[in-house]
Structures are given as structure tokens and as C-alpha cells.
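I have placed the structure first, in the form of C-alpha cells, so that the comments after it can refer back to it.
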2 protein chains.
Amino acid sequence: MVLTTAEENYLKAIYHLSDGGTKSVSTNDVAAQIKTKAASVSDMLRKLGEKEVIEYRKYYGVNITEEGKKRALQTIRKHRLWEVFLVDKLQFAWDEVHEVAEELEHIQSPLLIQRLDEFLNYPKFDPHGDPIPDEFGDVRARPRVALIEMDIDQSGQIVAVKDSSAAFLKYLDKVGAYIGARIKVLDKVEFDGSMEILVDQKKTLFMSKDVAANILAIQS
Amino acid sequence: MVLTTAEENYLKAIYHLSDGGTKSVSTNDVAAQIKTKAASVSDMLRKLGEKEVIEYRKYYGVNITEEGKKRALQTIRKHRLWEVFLVDKLQFAWDEVHEVAEELEHIQSPLLIQRLDEFLNYPKFDPHGDPIPDEFGDVRARPRVALIEMDIDQSGQIVAVKDSSAAFLKYLDKVGAYIGARIKVLDKVEFDGSMEILVDQKKTLFMSKDVAANILAIQS
DNA sequence: TTACGGTTTTAGTCTTGACTAAAAATAAAA
DNA sequence: TTTTATTTTTAGTCAAGACTAAAACCGTAA
Ligand SMILES: [Mn+2]
Ligand SMILES: [Mn+2]
Ligand SMILES: [Mn+2]
Ligand SMILES: [Mn+2]
């Protein structure tokens, strides 16, 4: 059974909103994520339910099935591999890849993805630090914590961003935060939740709590 | 004005059938090429006419406009660049690329194509020997002649294939004909039009007139 | 000049994936 | 336990792109 581009996009959205299939997802949540109207979502949920990639109980939201999870992870795998390709091979900036990958992820060719993976040397993470599922849909997740959760004097390394919008990524470029940077929390301001971060042992960075909430690190 | 995937496919078909815009094209020809029904084609021709990429006179076939030619060549450029990518970078065989390129050619991103072109080192020909239009739609065509048109004792070099079907390309692989091969016509059989060809000064190849008609060479 | 065969267009239908407006169901408040 | 607010679904519509069947047109032959 084959999914259309629209169905793949819905399923991916449901997967993300459900935190990898752990939570159930409401019609309105999906509508917001996909930027469609709830009425359109209701329709699609019925169809995805019939295809048994989600379990759909009217008025009570949806849960993704095992089959659905597998399908969503395949699409996510393709999306992230293409992002790596665009950045590593075609010198795209990390804030330029998302829309293109959103299209490329729907190209149907198992051989293409297998060869692309090989060509990219089997990358484990995409340019935003998100893990790339293997061909069986297995994801090796790293324990990650938002910068905002870290305490003063704690050290670590930036490994991913929660928000992949161009606006946010460009801001990180501007201030010199990047994936792989070593960081240390110098100060947390009680009043507004903003933070002072030492980057690579040399540069001090001030960031609002909104920024700190969208940078993910591993602690060391 | 933006074209849908379907519209791009129709326009490309019309471009090819019209020999690069020189001949007018009938509804039935398009239907055969796209593998749809004439009724569907009529409908689409009306739409393409409204978008002024073709000139459509009911019952009298269509002619592609300058704007249409430009659009078609952009799609062809993308198709052929992706074919080069698949063969040169992902080790696809030349008979495996067409279907995938047929999808990839519709990805919308000028930056992607510009960077891909650069990454591939500005290739001038695709894996089947067809020229790749530049970003302005200019094609530098080589003078090519079908093998079947060559006379006994004439020499040359295989530069392209007319038929890009997997069946034909696999056959060429099997018998050892390839783009770039040096060839010489040893014999032409009056009776059935079949030919005897010397390849790379060492291997003799017998081919039917159908095969000889689909191999293109430059004479030397 | 008319009849005919082949080509093309029109008319009507279907599916997919959107939308708006209205109805129905659920959840929260009184 | 009603009432109300919010969410969700249904009903009806639309556009794109396909299809079949029927009508219209074109060019040729009688
Ligand atoms: Mn997508
Ligand atoms: Mn990403
Ligand atoms: Mn195509
Ligand atoms: Mn080609």
C-alpha cells in the first residue's frame, strides 16, 4: 500500500506531534502543524485510519500505529538524508534546507536513498542535530537537554536545535552558536530567564529564555 | 506564473515531439507520449494555451511559444543534471535513472539546480549523450547521425542514444556498446538493414537496423 | 457534393485534497 | 445538571487531473 505525498506529510506531522508515537494527537494540532483547516484534517484522518497507519477514534484524536510509525520514520529518514546532502555536498546553509527537503523526501526510490546514504557515508545526524533513522526505522537517540534546563557552572556541548526555522538558525549563525560548540552556563537571570553562556571557552553569549529553550545540549 | 508537475510534463512532451519547437504537435501524439487519453490532453492544452506557453488552435494541434520553450528547457535541464548526478555520484546504471529523474526534475529550487550544476562540474551532456541546456536554456547541439545512416568504411564515435528505455540500454551494455566508443562500419546487409560494426578497433558487433537507428554517432 | 473514417473536443463523472458554513459532540462552567 | 464554549465532524463546494461515451470536426474518397 502506497501513500501519497499529502498522506506522507500528515503522517510525519502526526509522528512528530505524538512524540514518536507516545502521545495521542488532536485534529486541531495536526491542522496547526500542516497549516490546513480542521475540516480537511478530519477527512484525511479517516483515510489514514482506513489505511491503518493511524488508529482514529472520532472526537478523541489519533494514535499512530506501528505500521504508521515505520512509514513516518522512512519519510523522516529521507528528509534528513537530503538535508545532509544539501549542506555537506551542495553548500546549503542549515537554514536553507528545510523547504527543499520537504519536497525531496517524497521521491520514491529505495535505491536512491540507499545510494544517497552510502554517498554521504551513513550520517547519523542531520544538520540540525536530529538523528537519522536507519533503513529499518531504528533511531539511536542521544540524551539531550534544553540549555534552559542547565544550571550555572554546568558544561556541555550543543548537539541540536529544537526550532529549525530560518529565522532562528540565522540568529544562531549571527551570534556564533553552532552544533558541536562546547558551552558552559555562566549565569541565569532569575527575572526573565535569560542566560549567559560561555562558548568554546572564549566567547560570552547572552540569550533570552526563548532562545535557550530551543538549543539542545548533552551535558558533560 | 508557476507550472504544476503535470503541466511541466505535458510541456516537456510537446517540446520533444515538436523537435524543439520546430513542428506542430497533435493531440493524439501528446496522448501517446504521456500515456493519457486524448480527452485529457485536450483539456490540458486549453489550460497551457491560457498560460501562453503553447499556441492552441482547436483541431489543428499546438505550437510551443518562446516562453514555453524556455520553460520546457528548464525542466529538461533539471532532468539531465539529475541523471548525471545519479550516474556519476550515486553509481546508478544509465538504464536506471530515467524514472527517478522524471520525479526529481519537478523539485522547485533554483539554488538547488545551480549548486547541483556546480557540484557536477557543469556537465554538458547527460548519461545518454543528450545535451544539457544552460541556465538560459541555450543548448549546444552536436551534429549527430544515426549509425544506420553511415556508410561502409566510415568511422566515428558513439555520442548518444535515441531510445533511453531500460531494455535498449541494457542490451547495449550486454553487447558492449557505450557512449564514447570508437566505431567503424564494416558491413551493411542490403536484405534486412542490419550492420556489422567494429568497436574500439577490436570487437565486432552485429546489430539489427532497429538498433542501428537508435545509436547516434559523430563521424570522423 | 456528400459520405465516411479518423481525430479531436465536449459533456459528464470520479478521486484527491483543499475550503467554508453548519451541525454535532465533548469538556468546562455555572 | 444544565448551560456554554470549544473542538470536531459533516455537508456541500471547488480545482486539478484523470477517465468514458458521445458529439463535432476535418480531410479524403466516392
Ligand atoms: Mn514534505
Ligand atoms: Mn532537519
Ligand atoms: Mn516528470
Ligand atoms: Mn537522459
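Chain A is the first sequence line, chain B the second, and so forth, proteins listed ahead of strands; every chain is numbered from 1. The figures here come from the full heavy-atom set of this structure, side chains too, leaving out hydrogens, waters and symmetry mates.
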What does A:Ser42 touch in the nucleic acid at a heavy-atom separation under 4.0 angstrom: a base, only the sugar-phosphate, or nothing?
-> base
Test item: A:Glu103 side-chain N/O and A:Val100 main-chain N/O as donor-acceptor pair under 3.5 Å = no
From the candidates C:dT9, C:dC19, C:dA18, the one with an atom nearest any side-chain atom of A:Ala39 is C:dC19
Spacing between A:Met44 atom CE and C:dT15 atom P, to the nearest angstrom = 16 Å
Round to the nearest Å and state the distance from A:Lys37 atom NZ to C:dA22 atom C1'.
-> 15 Å
Grab the CG-C1' distance between B:Asp43 and C:dG12 for me, whole Å please.
-> 12 Å
Figure out the CG/P separation between A:Leu45 and C:dT16, and round it to whole Å.
-> 16 Å
Ranking C:dG17, C:dT9, D:dT9 by distance to the side chain of A:Tyr56, first place goes to D:dT9
Below 4.0 Å: OP1/OP2 of C:dG17 and any side-chain N or O of A:Thr4 | yes
Figure out the CG/C1' separation between B:Leu48 and D:dG17, and round it to whole Å.
-> 12 Å
Nearest whole angstrom, please: distance from the C1' of D:dC26 to the OH of B:Tyr59.
-> 9 Å
What is the distance, rounded to the nearest whole Å, between atom CZ of B:Arg46 and atom P of D:dA18?
-> 13 Å
Report the relative orientation of the aromatic rings in B:His98 and B:His79; use parallel for angles under 30°, tilted for 30 to 60°, perpendicular for over 60°.
-> tilted
Just checking, A:Arg71 and A:Tyr15: is the charged tip under 6.0 Å from the six-membered ring centre and within 45° of the axis?
-> no
Using only heavy-atom distances, determine whether the side chains of B:Trp94 and B:Asp173 contain a donor-acceptor pair under 3.5 Å.
-> yes
Please tell me which of the listed nucleotides, C:dG17, D:dA18, C:dT9, lies nearest to the side chain of B:Lys58?
-> C:dT9
Base, sugar-phosphate alone, or nothing: which one does A:Ala6 contact when heavy atoms must sit under 4.0 Å apart?
-> sugar-phosphate
What is the nucleic acid contact for A:Ser40, judged by heavy atoms within less than 4.0 Å: base, sugar-phosphate only, or nothing?
-> base
Any idea which of C:dA18, C:dT9, D:dT9 is nearest the A:Tyr10 side chain?
-> C:dA18
Quick one: is the NZ or CZ of A:Lys89 closer than 6.0 Å to the six-membered ring centre of A:Phe119, and within 45° of its axis?
-> yes
Nearest-nucleotide pick for A:Lys47, side chain only, options being D:dC26, C:dT16, C:dC19 = C:dT16
Of C:dT9, D:dG27, C:dT8, the nucleotide closest to the side chain of B:Asn28 is C:dT8
For atom CG of B:Asp29 and atom P of C:dT7, their distance in whole Å | 10 Å
